[in-house]
Number of protein chains: 2
Amino acid sequence: MQADNKDDMRDKILEAALKRFTQYGASKTTMNEIAEDLRCSKASLYYYFPDKNGMHQAVLQKIGETYFQEMEMEARNATSATKALFKLVEIRRSFISRFCRLELFKLLNDCSTTVQELMVAAKKREMEIHAAIIQHGVNTGEFKVEDVHKTAVLLTQAMMGLRFTVPDVVHKNNDIDVALFERVIEQQKALLEVFIKGIKA
Amino acid sequence: MQADNKDDMRDKILEAALKRFTQYGASKTTMNEIAEDLRCSKASLYYYFPDKNGMHQAVLQKIGETYFQEMEMEARNATSATKALFKLVEIRRSFISRFCRLELFKLLNDCSTTVQELMVAAKKREMEIHAAIIQHGVNTGEFKVEDVHKTAVLLTQAMMGLRFTVPDVVHKNNDIDVALFERVIEQQKALLEVFIKGIKA
DNA sequence: ATTTTGACCTTGAAACTAAAAAAGTCAGAA
DNA sequence: TTCTGACTTTTTTAGTTTCAAGGTCAAAAT
């Protein structure tokens, strides 16, 4: 198999990998399978990616990018800060329901430095989106907070934490269960409601 | 070795086990070591406890009982609901700093039914303490909430969740790091502040 | 020159094994 | 009724094997 140019082939690989990963999970997908799907040799994959983990990261980065862009779009175009914060929860919901099989969790537990950095960066970016919306709320007189940044960190951490405490038992290896995550989303909305009241001007 | 009566001996064992567990961790403590500390035979321990896990649970239940009683005392005697909620955080702080080596986490991941039930019960009890204080706040006109119970669940889950999101990396096997937990406590206080504003009458 | 590949090497996770250590039992003593 | 020494059973650890999957490379194809 051959693509028109380098970037095109790289993208085709990412597409095929994403399909396999979302359907069967990343760890249950072999490099051979991806190669067979693309009617190319396994060695070709290694021409475009350093290793399987690198490919997994690239897949995550790609879909993560659209996730964050959607959120950033919302942050920019929002009229009401309150509505925007609730919209973020909805965006998160639809993202997770689509990509819950991607073993985000497994990668996080890898403890490899690059992955760790990626996750920390993602956390930071999400936090900054929250900060931007809160800042907007402060500017319009909707909110009143002492320190926008600290408030955004707190909100992000509190919302994320519900992922661990809403389920009664925390499974170590399992990826995210969709039904369970719906309950997390519900609680995130409830918390957001109280939190917003707590920072209303 | 011989004690005056059955309950007394049981208590001596729990005391010795607690000492070992807090110093070296439960999994690194052998039944022989506890027996040697007490100058009794290992078999004696099995006269009072069904197995090591049962003993570990009993130790946890014992110290947990004083923890909850301290909290319940605060809930009963509180004048201001706001102050009481902040006091709970302080009680949690001092409890964790004393018993962070008890491998609470390991037991939770055991997934044995009885332990799971114990943890769920503990969660519920803590939640009910929060509910009682919030109810008190509602009665005195300090707070205004639609559903006291739901609010208490939300607050408890949000506070607990910070245990997982405040540290950048979540260690799987390690027990709680004291220094890290201080940061968790700080965020719990910050969240509580906003949360309380959000439910102020 | 860049991209692709078949053939090949390397690694890591699962499946055994044996030995050691710790958990757990019990008949009988105190 | 409480306790124990001597005992068995279970769990943990470390070492080994194996094989599928990960990863490499010289050479071929474009």
Side-chain angles (χ1 to χ4, degrees), chain A residues 1-17 20-21 23-60 103 105-107 109-112 114-115 172-175, chain B residues 1-17 20-21 23-60 103 106-107 109-112 114-115 172-174:
Chain A
M1 200 224 185
Q2 218 169 334
D4 295 353
N5 63 58
K6 186 157 178 170
D7 282 357
D8 197 36
M9 182 60 183
R10 199 187 126 97
D11 230 53
K12 276 194 164 57
I13 294 173
L14 284 179
E15 219 172 282
R20 280 270 174 195
F21 287 178
Q23 190 155 17
Y24 306 106
S27 59
K28 290 288 181 193
T29 298
T30 71
M31 296 300 263
N32 275 317
E33 285 168 342
I34 296 170
E36 281 160 28
D37 287 353
L38 291 164
R39 248 77 66 88
C40 78
S41 76
K42 184 176 62 169
S44 287
L45 305 180
Y46 287 93
Y47 181 74
Y48 292 96
F49 299 96
D51 51 28
K52 188 185 179 182
N53 241 307
M55 200 166 85
H56 194 176
Q57 271 177 245
V59 167
L60 251 43
E103 300 178 20
F105 169 91
K106 188 164 288 175
L107 230 68
N109 272 31
D110 251 4
C111 294
S112 100
T114 56
V115 174
K172 310 185 233 206
N173 307 319
N174 293 6
D175 52 23
Chain B
M1 198 224 189
Q2 214 167 337
D4 295 352
N5 63 56
K6 186 157 178 172
D7 282 356
D8 198 35
M9 183 59 183
R10 200 187 125 97
D11 230 53
K12 276 194 163 58
I13 294 173
L14 284 179
E15 216 172 286
R20 280 268 175 195
F21 286 178
Q23 191 154 16
Y24 306 107
S27 59
K28 289 287 180 196
T29 298
T30 71
M31 296 299 263
N32 274 317
E33 285 168 343
I34 296 171
E36 281 160 27
D37 287 353
L38 291 164
R39 249 77 65 90
C40 78
S41 76
K42 183 177 61 166
S44 289
L45 305 181
Y46 286 94
Y47 181 74
Y48 291 95
F49 298 96
D51 51 30
K52 188 184 178 183
N53 242 306
M55 199 167 87
H56 194 175
Q57 273 177 246
V59 168
L60 251 42
E103 300 179 20
K106 189 164 287 175
L107 230 66
N109 272 30
D110 251 3
C111 293
S112 99
T114 56
V115 175
K172 309 185 236 207
N173 307 319
N174 292 7

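In what follows, chains are A, B, ... by sequence order, proteins preceding strands, each numbered from 1.
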- State, to 0.1 Å, how close A/Ala35 and A/Ser41 come at their nearest heavy-atom pair, and which atoms those are. CB-C, 3.8 Å

- Item | Nearest-angstrom distance from the residue atom NZ of A/Lys28 to C1' of C/dA13 | 11 Å

- Message: Heavy-atom nearest nucleotide on DNA chain C for B/Asn32 versus A/Lys42: which residue maps closer to 5'?
- Response: A/Lys42

- Given atom CE of A/Met31 and atom C1' of C/dC8, what is their separation to the nearest angstrom? 17 Å

- Query: If you fit an axis to the five pairs at each end of the helix from C/dA1-D/dT30 to C/dA30-D/dT1, how big is the angle between those two axes, to 10 degrees?
  - Reply: 40°

- Message: Please give me the minimum heavy-atom distance between A/Phe49 and A/Ala58, naming the atom from each residue.
- Response: CE2-CB, 3.8 Å

- Task: Taking only the side-chain nitrogens and oxygens of B/Tyr46, find out if one of them lies under 4.0 Å from OP1 or OP2 of D/dC3.
- Result: no

- Task: Using only side-chain N and O atoms of A/Tyr47, determine if any of them is under 4.0 Å from OP1 or OP2 of D/dT24.
- Result: no

- Query: Separation of A/Met9 atom CE from C/dT5 atom P, in whole Å?
  - Reply: 7 Å

- From the list D/dG22, C/dG24, C/dT4, which nucleotide is the closest neighbour of the side chain of B/Lys52? C/dG24

- Measure from CZ on A/Arg10 to P on C/dT2 and round the result to the nearest Å. 18 Å

- Identify which one of A/Met31, A/Met9, A/Arg10 satisfies the side-chain contact (heavy atoms from CB on, under 4.5 Å) criterion when paired with A/Leu45. A/Met31

- Query: To the nearest Å, how far apart are A/Ile34 CD1 and D/dG23 C1'?
  - Reply: 14 Å

- Query: Once you round it to whole Å, what is the distance between C1' of D/dG22 and OH of A/Tyr48?
  - Reply: 20 Å

- Task: Could you check which of C/dT25, C/dG6, D/dG22 has an atom nearest any side-chain atom of A/Ala43?
- Result: C/dG6

- Would you mind telling me which residue lines up with the more 5' stretch of DNA chain C, A/Ser41 or B/Asp51, judged by nearest nucleotide? A/Ser41

- Task: Output yes when a side-chain donor or acceptor of B/Lys52 lies under 3.5 Å from a complementary backbone atom of B/Thr29, and no otherwise.
- Result: yes

- Nearest heavy-atom neighbours spanning B/Pro50 and B/Gly54: CG-CA, 4.4 Å

- Round to the nearest Å and state the distance from A/Asp8 atom CG to C/dT2 atom P. 18 Å

- Query: Which nucleotide in the set D/dG22, C/dT3, C/dA22 lies at the smallest distance from any side-chain heavy atom of B/Thr30?
  - Reply: C/dA22

- Task: Using atom CZ of A/Arg39 as one end and atom C1' of C/dT4 as the other, report the distance to the nearest whole Å.
- Result: 16 Å

- Item | Taking every non-hydrogen atom, the tightest pair across A/Leu38 and A/Lys12 | CD2-O, 3.8 Å

- Which residues share a side chain to side chain contact (heavy atoms under 4.5 Å, CB included) with A/Ala17, sequence neighbours left out: A/Phe21, A/Ile34, A/Met55, A/Val59

